[in-house]
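Following: one structure in C-alpha cells, then a few remarks.
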Protein chains: 2
Amino acid sequence: MHKRYGGTVAIERDIPEATVSRLPLYRRSLVELASKGESTVSSARLAELAGVNAAKVRKDLSHLGSYGVRGVGYDVEYLLRQVGEALGLDVDAPVVIVGMGNLGQALARYGGFESRGFPITAFIDSDPEKIGTEFDGIRVDHLDDLPRLVQERGLSVGIIATPAWAAQRVADRMVEAGIRSILNFAPTIISVPPEIPLRKVDLATELQILSYYQQRGSVEDGRSA
Amino acid sequence: MHKRYGGTVAIERDIPEATVSRLPLYRRSLVELASKGESTVSSARLAELAGVNAAKVRKDLSHLGSYGVRGVGYDVEYLLRQVGEALGLDVDAPVVIVGMGNLGQALARYGGFESRGFPITAFIDSDPEKIGTEFDGIRVDHLDDLPRLVQERGLSVGIIATPAWAAQRVADRMVEAGIRSILNFAPTIISVPPEIPLRKVDLATELQILSYYQQRGSVEDGRSA
DNA sequence: GATTGTGAATTGGTTCACAGCG
DNA sequence: CGCTGTGAACCAATTCACAATC
C-alpha cells in the first residue's frame with residue numbers, strides 16, 4: 001500500500017498532522033522499551049505507554065508503512081528506526097537560542113535537546129553586557145553575527161526566547177540568515193514564509209486553558225497526558 | 001440562543017476544545033487593542049492579530065454567546081471581560097512549582113504568570129541544599145509540606161518541572177494535597193484522576209515535530225502562528 | 001489465539017456563503 | 001452598506017469492528 005522509491009529510504013508523503021504530533025511520543029516510549037530490553041511491543045502496550053488508545057497507535061503507525069506482525073506486535077528496534085527516520089532525526093539539527101534571559105538560559109541548560117539530536121550550538125543576545133560572555137563554553141553573540149553562525153555551524157533550528165516586542169524582528173533575521181525552522185516562546189504571533197515550519201509554546205496560554213477546565217467540572221482535557 | 005442562569009454570570013456549557021485553546025489568543029489580542037485605545041474590533045482584524053481566519057473567530061466567539069454588532073464589530077472591553085470570564089480568569093489561581101532545577105527557576109522568574117492571574121506562590125524541591133533557601137522572597141519547601149501550603153495559600157495549579165522519573169509521584173502527591181489542575185513539563189506521560197485537568201508541554205517533542213516539517217518541503221504546520 | 005491493518009461509521013472542527021440586522 | 005451569526009458543506013481525525021494472517 002505504501003510506495004517505496006527505488007528500494008531506499010522511503011520517506012513517506014503526507015503523514016497526517018495529528019499523527020506527526022504523536023510520533024515523538026511513540027518514540028519516547030520505544031526508547032524506554034528498548035532500554036529495558038523488550039524486543040517486541042503490541043499496539044495495546046505502546047498505547048498505554050504513550051497515553052493514547054490502541055486503535056490510534058495502529059492507524060498512526062500504518063501511515064509510516066510500518067511493519068507489525070499479526071499475532072505478535074511490532075519490533076521495537078525496527079519501529080524506533082522507522083519513526084526516527086519519518087521524523088527526520090537521522091541527522092542532527094543544530095539549534096541557536098536567541099534571547100538569553102531567564103528562559104533562554106534555562107533552555108540552554110536543559111539537557112533534553114542534545115541527547116535527542118538537537119545540539120545547542122549558538123547563543124544570541126542584544127545586551128552588550130552579555131555579548132562575549134560564555135555559556136556552556138559557547139560564546140554569546142550579536143544578532144548581526146547570525147548569518148555567519150548559520151554558515152559556520154550549520155544551524156538549522158532557531159529558538160526565540162525574547163520579549164514579545166522583539167520576536168517578529170528576530171524571526172525575520174533568522175529567516176534571512178537561513179534558519180530553517182523556528183520554535184517561538186515569545187507570547188506573540190509571528191509570521192514567517194510558508195516554507196519555514198513554525199511552532200509556538202506559550203506558557204501563560206497553557207495555564208489559561210487549564211483554568212477553563214478547572215472552573216467547570218472538567219472531565220477531560222483532550223490534549224490528554 | 002445561549003442560556004443565562006438567573007440573569008447573572010452565565011458560564012456557558014461545553015465550549016469546544018479547539019475554541020477553548022484559542023480563547024487565550026484572542027484575549028491577548030484584545031488586551032493589546034485595549035491598550036492602544038481601540039474600542040471596537042471586527043472579526044477580520046481580530047483574526048489577523050490572533051493569526052487565524054475571520055470565520056473561525058466569529059464561530060468561536062459565538063460559543064461565548066457573545067455580542068457583536070452587525071455592521072460594526074465587537075466592543076473590545078466587553079469582549080475582553082466575556083473571554084476572561086469564560087476562561088475563569090476573574091479569580092486568581094495561585095501556582096506551586098515543584099522542581100527548582102533550571103526550568104523551575106526560569107519559570108519562577110518568568111514574569112508572564114503573575115500578570116495574568118497566576119501568582120507563583122510556593123516552591124517545592126527535594127534537594128536538602130535548596131530547601132529553606134528563598135526565591136523571590138518565597139521559601140523553597142519539601143514535598144511533604146504541600147498539603148499545608150495548599151491550605152494556607154489556596155494553591156490551585158501545580159507545575160511539574162522535575163525529571164521524568166519523579167513526575168508521576170509528584171502528580172500523585174499534588175492530587176492528594178488538593179491541587180486542582182496540573183501543567184507537566186517533565187518528558188513523560190503521567191496519569192491523574194479525570195476531574196483534574198492536565199496539560200503537558202514537551203520541549204523536545206516540539207523540536208521533533210519541527211524536524212518532520214523541515215525535512216519535507218513543509219508548506220504548513222497546522223499549529224500555525 | 002493473538003494482534004495487526006484498514007474500510008466504514010462517527011465525531012469534531014473548519015470553511016463557505018449568505019441571510020439578518022444595525 | 002458592512003459585518004456578524006450560523007446553517008450547510010466539507011474535511012480531518014477518531015473510533016469501531018472485523019477480516020487477514022502470523
Side-chain angles (χ1 to χ4, degrees), chain A residues 1-3 12-23 25-26 30 33 38-76 78-79 82-83 209 219-225, chain B residues 1-3 12-23 25-26 30 33 38-76 78-79 82-83 209 219-225:
Chain A
M1 183 100 305
H2 282 267
K3 331 91 206 174
E12 299 298 338
R13 287 276 108 194
D14 72 280
I15 301 179
E17 207 173 296
T19 295
V20 170
S21 72
R22 281 186 297 262
L23 290 179
L25 225 57
Y26 300 147
L30 288 166
L33 287 164
E38 312 263 347
S39 68
T40 62
V41 63
S42 67
S43 59
R45 175 99 178 91
L46 188 50
E48 188 193 324
L49 292 170
V52 302
N53 69 46
K56 209 179 266 179
V57 168
R58 290 201 301 278
K59 182 76 79 171
D60 282 343
L61 294 182
S62 78
H63 291 296
L64 306 186
S66 177
Y67 254 51
V69 180
R70 293 170 200 238
V72 178
Y74 300 88
D75 183 280
V76 172
Y78 181 66
L79 191 53
Q82 291 254 313
V83 172
I209 296 172
V219 172
E220 247 314 299
D221 179 1
R223 306 264 253 123
S224 122
Chain B
M1 181 104 303
H2 282 268
K3 332 91 207 168
E12 299 298 336
R13 286 278 106 192
D14 72 282
I15 300 179
E17 207 172 296
T19 295
V20 170
S21 73
R22 282 185 298 262
L23 290 179
L25 224 57
Y26 300 147
L30 288 165
L33 287 165
E38 311 262 348
S39 68
T40 63
V41 64
S42 67
S43 59
R45 175 98 179 92
L46 188 50
E48 189 194 324
L49 291 171
V52 303
N53 69 46
K56 210 179 265 177
V57 169
R58 291 202 300 277
K59 181 78 73 166
D60 282 343
L61 294 183
S62 78
H63 291 296
L64 306 186
S66 179
Y67 254 52
V69 180
R70 294 170 201 236
V72 178
Y74 301 87
D75 183 280
V76 172
Y78 181 65
L79 191 54
Q82 290 255 311
V83 172
I209 296 172
V219 172
E220 248 314 300
D221 178 359
R223 301 267 253 126
S224 124

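The analysis underlying the following values was restricted to heavy atoms, covering all of them including side chains, and did not include hydrogens, waters or symmetry mates. Each chain gets a letter, A, B and so on, in the order the sequences are listed, and its residues count up from 1.
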Handout entry: Residue pair A:Leu30 / A:Val83: nearest heavy atoms and the distance that separates them
Key = CD1-CG2, 4.3 Å
Exercise for the section: Please examine the side chains of B:Asp75 and B:Tyr67, heavy atoms only from C-beta on, and report whether any two atoms are closer than 4.5 Å. Expected result: no
Fill in the blank from the handout: Here the distance between atom C1' of C:dT15 and atom CZ of B:Arg22, to the nearest Å, is 12 Å
Problem - Spacing of B:Arg45 atom CZ relative to D:dT4 atom P, expressed in whole Å - result: 13 Å
Fill in the blank from the handout: The side-chain contact (heavy atoms from CB on, under 4.5 Å) partner of B:Tyr26 among B:Leu64, B:Val41, B:Asp60 is B:Asp60
Problem - Integer-rounded Å distance: D:dT4 C1' and B:Leu46 CG - result: 13 Å
Practice task
To the nearest Å, give me how far apart CG (A:Asp14) and C1' (D:dC11) are.
Solution key: 14 Å
Practice task
Please determine, for the side chain of A:Tyr74, which listed nucleotide (C:dG13, D:dT4, C:dT4) has the closest atom?
Solution key: C:dT4
Exercise for the section: Do nucleotides 15-22 of chain D as a string where each nucleotide becomes B, S or -: B if the base has a protein heavy atom under 4.0 Å, S if just the sugar-phosphate does, - if no protein is that close. Expected result: B-B-BBBB
Problem - Phosphate-side-chain proximity, A:Ser43 and C:dT4, N/O vs OP1/OP2 below 4.0 Å - result: yes
Practice task
For A:Glu17 and C:dT14, give me the distance from atom CD to atom P, rounded to whole Å.
Solution key: 11 Å
Handout entry: Minimum heavy-atom distance A:Ala54-A:Ala44, with the two atoms named
Key = CB-CA, 3.9 Å
Handout entry: Closest approach of B:His63 to B:Lys59 (non-hydrogen atoms, all atoms of both residues)
Key = CD2-O, 3.1 Å
Completion exercise
B:Arg58 meets the salt bridge (charged side-chain N to carboxylate O under 4.0 Å, His left out) criterion, sequence neighbours left out, with none
Fill in the blank from the handout: When rounded to whole Å, the CD to P distance for the pair A:Gln82 and C:dG5 reads 11 Å
Exercise for the section: Please state how far atom CG in B:Asp60 lies from atom P in D:dG5, giving the value in whole angstrom units. Expected result: 12 Å
Practice task
Can you tell me the distance, in whole Å, between the CG atom of B:Asp75 and the C1' atom of C:dG22?
Solution key: 15 Å
